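Since the structure is predicted, the reported quantities are computational estimates derived from the model, not experimental observations. Because only heavy atoms are used, hydrogens play no part in the values below, and waters and symmetry mates are left out as well, while side chains stay in.
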Amino acid sequence: MAGALALVTGLTAPAHASPTLARAVTADDAPTVRGGAAYLMDAASGAVLLNKNGGERMPIASLTKTMTAYVVLKNAKPTDVVRIKREDVAYAEDGGGTTADLRPGDRITVGELMYGLMLPSGADAAHALARTYGPGVKSFVAKMNATARELGMNDTEYVNADGLPTPRGDGFSTAKDQAVLAAAALRVPLIKQVAGTRRHELDAGDGHRSYAWRNTNRLLRTTPGAIGLKTGFTRAAGYCLAFAGESDGRTLVGVLLGESVSSRRFDTAQELLSWGATAREAA
């Protein structure tokens, strides 16, 4: 694949993992990636298996919501309760974003809102969470960018909590930075659980009505060992996907940006996970 480089370094290994080297991989070995950027790495060691334009700054659409989930769970307990306001619903509707169909006045726990945020990619859920845990959206976005710096994501700038276009610009990140975030996010048990859930139902209860959310990530239906992680689309960003998979006790994380065909991102991710499973690290 033109432009694909198999690298042996490029990310600092987590403190709990010993640095290792990926085996030599040639461009001819890798599946074809037609999107604008792709990155695949071992989540534990940080070894990079594939890098196509991984450092290029690009819009990432709703992949933004992975950072929203990560920052919220740094500041809140899953049992904390968020009150949905009319402004949360109006924000998603006015911006043309995907929604979790939240209803004003409902009181929903953070843990449940994670499903509304990640499965149907609810911009209303993102706004409610950011408004609550900024407090205020502007302050929350500042926390997102501060967290990005803490993770070493130096080519990332968030402008909101959901990835919708704004008059001030769309923000940006890179496939590499988003892979770093994916690896960190999947170490949060609730995020991993939510990302790997195909459908989630919340029965009506004290303070809220019933909800049913379906995951937009087709990998969960087609790929054994897949763990989500997040889909995204805007006209500027194209079709995007942050994905992960487990095989033989090994977790791979990858990111595809700027794909022009929705279904192809899932096919490519599936091929990359299968291929990456054979790209074993050298002893």
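- Criterion: ILVMFWY side-chain heavy atoms under 4.5 Å apart, direct or through other members. Under it, Leu220 and Leu117 are not part of a common hydrophobic cluster.
- Using a 4.0 Å cut-off between a side-chain N of Lys or Arg and a carboxylate O of Asp or Glu, Asp162 and Lys65 do not qualify as a salt bridge.
- Counting all heavy atoms, side chain and backbone alike, Val110 lies closest to Ala76 at CG2-CB, 4.2 Å.
- Under the 4.0 Å criterion applied to side-chain N and carboxylate O atoms, Lys192 and Glu246 are assigned as salt-bridge partners.
- Using a 30° and 60° split on the angle between ring planes, His208 and Tyr211 fall in the tilted class, from 30° to 60°.
- Side-chain atoms of Asn217 come within 3.5 Å of backbone atoms of Gly228 as a donor-acceptor pair (strictly under, hydrogens ignored).
- Listed by chain and number, the residues in a side-chain contact (heavy atoms from CB on, under 4.5 Å) with Ala244 are Leu186, Ile227, Val253 (sequence neighbours excluded).
- Side-chain atoms of Met41 and Ser45, non-hydrogen and from C-beta on, never get closer than 4.5 Å to each other.
- Annotation: side chain of Val71 is in contact with side chain of Asn75 (closest heavy-atom distance under 4.5 Å).
- Placement of Val159 and Phe140 in two distinct hydrophobic clusters is found when ILVMFWY residues are connected by side-chain heavy-atom separations under 4.5 Å, directly or transitively.
- In this structure, Arg86 fails the cation-pi test against Tyr91, since its NZ or CZ atom is not both closer than 6.0 Å to the six-membered ring centre and inside 45 degrees of the ring normal.
- The same ILVMFWY cluster, assembled from side-chain heavy atoms under 4.5 Å apart, contains both Met118 and Leu202.
- Within 6.0 Å of atom CZ in Arg214, 12 or fewer heavy atoms from other residues, nucleotides or ligands are found, so the atom counts as exposed in its surroundings.
- Side chains of Arg57 and Glu157 form no contact here, defined as non-hydrogen atoms less than 4.5 Å apart.
- When all heavy atoms of Thr174 and Leu257 are compared, the closest pair comes out as C-CD1, 3.9 Å.
- Side-chain contact between Thr223 and Phe243 is absent, with no heavy-atom pair separated by less than 4.5 Å.
- A donor-acceptor pair is defined here as one N or O able to donate and one able to accept, closer than 3.5 Å; such a pair exists between the side chain of Asn160 and the backbone of Gly163.
- Two different hydrophobic clusters hold Met58 and Phe233 under the rule that ILVMFWY side chains link at heavy-atom gaps under 4.5 Å.
- With a 4.5 Å cut-off on side-chain heavy atoms, Val82 and Thr132 count as touching.
- Of the possible polar contacts, one joining the Asp177 side chain to the Asp155 backbone as a donor-acceptor pair under 3.5 Å is found.
- Two residues are said to be in side-chain contact when any heavy atoms from C-beta on lie closer than 4.5 Å; Leu40 and Val48 fail this criterion.
- Closest non-hydrogen pair, Ala69 versus Met114, comes out as CB-SD, 3.7 Å.
- No single ILVMFWY cluster, assembled from side-chain heavy atoms under 4.5 Å apart, contains both Val81 and Ile84.
- By the 4.5 Å heavy-atom criterion applied to side chains, Met153 and Gln178 are counted as neighbours.
- The stretch residues 229-244 participates, sequence neighbours left out, in these side chain to side chain donor-acceptor pair (under 3.5 Å) pairs: Ser121-Lys230, Thr216-Thr231.
- The nearest pair of heavy atoms linking Val180 to Leu151 is CG1-O, 3.6 Å.
- Across Val255 and Ala179, no two heavy atoms sit closer than the pair CG2-N, 3.5 Å.
- Among residues two or more places apart in sequence or in another chain, the salt bridge (charged side-chain N to carboxylate O under 4.0 Å, His left out) test is passed with Lys74 by Glu150.
- Judged purely by distance below 3.5 Å, without hydrogens or angles, the side chains of Tyr115 and Glu201 never pair a donor atom with an acceptor atom.
- Put simply, the side chain of Asn215 gets close to the backbone of Thr197: a donor and an acceptor are under 3.5 Å apart.
- Residues Arg250 and Asp42 meet the side-chain proximity criterion, which asks for heavy atoms closer than 4.5 Å.
- In this structure, Phe266 and Leu219 approach most closely via the heavy-atom pair O-CD2, 3.5 Å.
- At distances below 3.5 Å, not a single donor-acceptor pair connects side-chain atoms of Trp213 with backbone N or O atoms of Arg199.
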